[in-house]
**Q** 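Please read through the structure below; I'll follow up with questions.
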Amino acid sequence: MRIWLNGALLDDEATVSPLDHGLTTGDGVFETIKVENGRPFAVRRHLERLVRSAVGLGLPAPDVAAIESGIEAVVEPGMQFARLRITYTGGVSPLSSDRGTSGPTILIATQEIERPSATSAIVTVPWVRNERSAVAGLKTTSYAENVRALAYAKERGGSEAIFANTIGNLAEGTGANIFCVYDGELVTPTLDSGALAGVTRGLILEWFGGVERDVPLEQLFQAEEIFLTSTTRDVQGIHRVDDRELPAPGTITAQVAKIFAERSAAEPNP
Ligand SMILES: Cc1ncc(COP(=O)(O)O)c(C=O)c1O
């Protein structure tokens, strides 16, 4: 595995302090970037969101130029399909919720991964996305709720868990945004639902169009089509939501997937 840590390419020699605030409290932010055929996709948008998340969490704004050179260092031309992860934490700190003064930790790592399956199943979970949380909309490393929910979905045969928010509206998955089709119209929850501003979600709204509105969770079971979007999935049709089967990929899902594939191949850093 290629690992760049605080300015140096260290690979398996990379180590982080046991007092790192990212480890002890989840005080950090991250990005996942897709690397396909040796080329990282949408780096500019991911770095913009990394900066927004860091500043939103009260961390110093990351050194974007340093991170860009870290990305260059870990990406290899032979990489077929890989996840590149940037993790940026509060750094060495006291064993409490107080942040230390050592400065942040920046870690960039890549890992080859399986390509996603064409369609998948989702499972709604009995927990909520808190759209009023202090970290709503920030891509923080505090992902334990997502880890728990994803395991719940996998135990029930799904590949992704779906959260409603505190007022019963559809929000998102543990690592994906959600789109539904109603009367032939593409709909996705607003960012006020507590959903992350996914890079893939944003590109689909720009390249294909669609309506952002509140979707009561019950309406998930009336959708004509459903698909998930994320950095490693792109557009993934959903063939089952809990016990309800639906056609996948549906007509509109297939159109969106085609447009996304064409546009993203033509514009690697849109
Ligand atoms: C909670 C959450 N929602 C949505 C997404 C999708 O965002 P993106 O399309 O930028 O990968 C992610 C990230 O991967 C996520 O972690």
Side-chain angles (χ1 to χ4, degrees), residues 26 28-36 40-54 56-57 71 81-88 109-111 113 115-116 120 122-125 127-131 133-153 158-165 169-180 188-208 210 212 215 226-236 238 256-257 259-261 263-264 267-270:
V29 297
F30 76 105
E31 280 298 320
T32 295
I33 295 177
K34 175 178 68 169
V35 180
E36 208 167 4
F41 177 65
V43 170
R44 183 181 60 80
R45 287 179 190 245
H46 283 288
L47 293 184
E48 280 172 10
R49 187 172 62 190
L50 184 77
V51 171
R52 276 203 315 277
S53 296
L57 197 56
I71 292 173
F81 192 73
R83 177 188 302 257
L84 182 155
R85 176 167 162 138
I86 307 166
T87 308
Y88 180 75
T110 47
Q111 192 170 46
I113 54 170
R115 286 182 189 270
S120 186
I122 54 177
V123 174
T124 58
V125 296
W127 307 294
V128 295
R129 190 58 99 219
N130 180 0
E131 73 282 10
S133 152
V135 295
L138 309 179
K139 197 164 164 69
T140 77
T141 58
S142 305
Y143 255 40
E145 284 191 338
N146 290 324
V147 172
R148 179 70 188 91
L150 185 59
Y152 177 96
S159 79
E160 178 59 306
I162 298 298
F163 289 99
N165 65 13
N169 288 328
L170 185 61
E172 62 173 349
T174 65
N177 291 110
I178 187 162
F179 285 75
C180 300
T188 194
T190 67
L191 297 181
D192 288 342
S193 70
L196 187 77
V199 168
T200 323
R201 173 190 184 278
L203 288 170
I204 287 167
L205 290 172
E206 279 179 43
W207 288 343
F208 190 88
E212 298 174 80
V215 180
I226 301 174
F227 62 85
L228 297 182
T229 65
S230 78
T231 289
T232 52
R233 285 181 180 85
D234 292 345
V235 175
Q236 185 179 51
I238 296 303
V256 175
I259 286 176
F260 190 84
R263 291 288 295 263
S264 60
E267 299 173 54
N269 200 9

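Each ligand, and each atom within it, is numbered from 1 in the order the structure gives. Numbers for residues simply follow the sequence, beginning at 1.
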**Q** Has ligand 1 got any nitrogen or oxygen that is less than 3.5 angstrom from a nitrogen or oxygen of R49?
**A**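 Among all N and O atoms of R49, at least one is under 3.5 Å from an N or O of ligand 1.
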**Q** Can you tell me if N177 uses its side chain to pair, donor with acceptor, with the backbone of T229 under 3.5 Å?
**A** no
**Q** Does R129 reach ligand 1, in the sense of a heavy atom lying below 4.0 Å from it?
**A**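 The answer is yes: ligand 1 sits under 4.0 Å from a heavy atom of R129.
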**Q** Verify the distance criterion only: is there a donor paired with an acceptor across the side chains of N169 and R129 at less than 3.5 Å?
**A** no
**Q** Of all the atoms in ligand 1, which lie at a distance below 4.0 Å from a heavy atom belonging to S230?
**A** 9 (O), 11 (O)
**Q** Rounded at 0.5 Å granularity, tell me how far OG1 in T174 sits from CG in L196.
**A**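 Taking OG1 in T174 and CG in L196, the distance rounds to 11.5 Å.
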**Q** Y143 versus ligand 1: do any nitrogen or oxygen atoms come within less than 3.5 Å of each other?
**A**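 The answer is yes, given that Y143 and ligand 1 share an N or O pair closer than 3.5 Å.
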**Q** May I ask you to check whether K139 has an N/O atom sitting below 3.5 Å from an N/O atom of ligand 1?
**A** yes
**Q** R201 versus ligand 1: do any nitrogen or oxygen atoms come within less than 3.5 Å of each other?
**A**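 No, there is no polar N/O contact under 3.5 Å.
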**Q** What atoms in ligand 1 come closer than 4.0 Å to a heavy atom of E172?
**A** 1 (C), 2 (C), 3 (N), 4 (C)
**Q** For T174, counting its heavy atoms only, list the atoms of ligand 1 lying under 4.0 Å from any of them.
**A** 1 (C), 2 (C), 16 (O)
**Q** Among protein heavy atoms, which lies nearest atom 11 (O) of ligand 1, and at what distance?
**A** T231 OG1, 2.6 Å
**Q** May I ask you to test the S120-I238 pair for a side-chain heavy-atom distance under 4.5 Å?
**A** yes
**Q** Could you tell me whether a side-chain N or O of T87 sits under 3.5 Å from a main-chain N or O of F30, the two making a donor and an acceptor?
**A** no
**Q** Only one of V123, I178, L150 passes side-chain contact (heavy atoms from CB on, under 4.5 Å) with E160; say which it is.
**A** L150
**Q** Should the proximity of A176 to ligand 1, defined as any heavy atom under 4.0 Å, be assigned to the side chain, the backbone, both, or neither?
**A** backbone
**Q** Exactly one of K34, E31, K139 should register a side-chain hydrogen bond (donor to acceptor under 3.5 Å, both in side chains) with H46. Which one does?
**A** E31
**Q** Are the charged groups of R44 and E48 less than 4.0 angstrom apart, N to O?
**A**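 Here R44 pairs with E48 in a salt bridge, since their nearest N and O are under 4.0 Å apart.
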**Q** G198 heavy atoms, cut-off 4.0 Å: which ligand 1 atoms fall inside?
**A**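 Close to G198: 7 (O), 8 (P), 9 (O), 10 (O).
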**Q** At less than 4.0 angstrom from any non-hydrogen atom of T200, what atoms of ligand 1 do you find?
**A** 8 (P), 9 (O)
**Q** I'd like to know if the side chain of E212 reaches the main chain of L191, judged simply by a donor and an acceptor atom lying under 3.5 Å from each other, with no hydrogens or angles considered.
**A** no
**Q** Return the closest protein heavy atom for atom 6 (C) of ligand 1 as residue, atom name and distance.
**A**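 Checking every protein heavy atom, the shortest distance to atom 6 (C) of ligand 1 gives N177 OD1, 3.6 Å.
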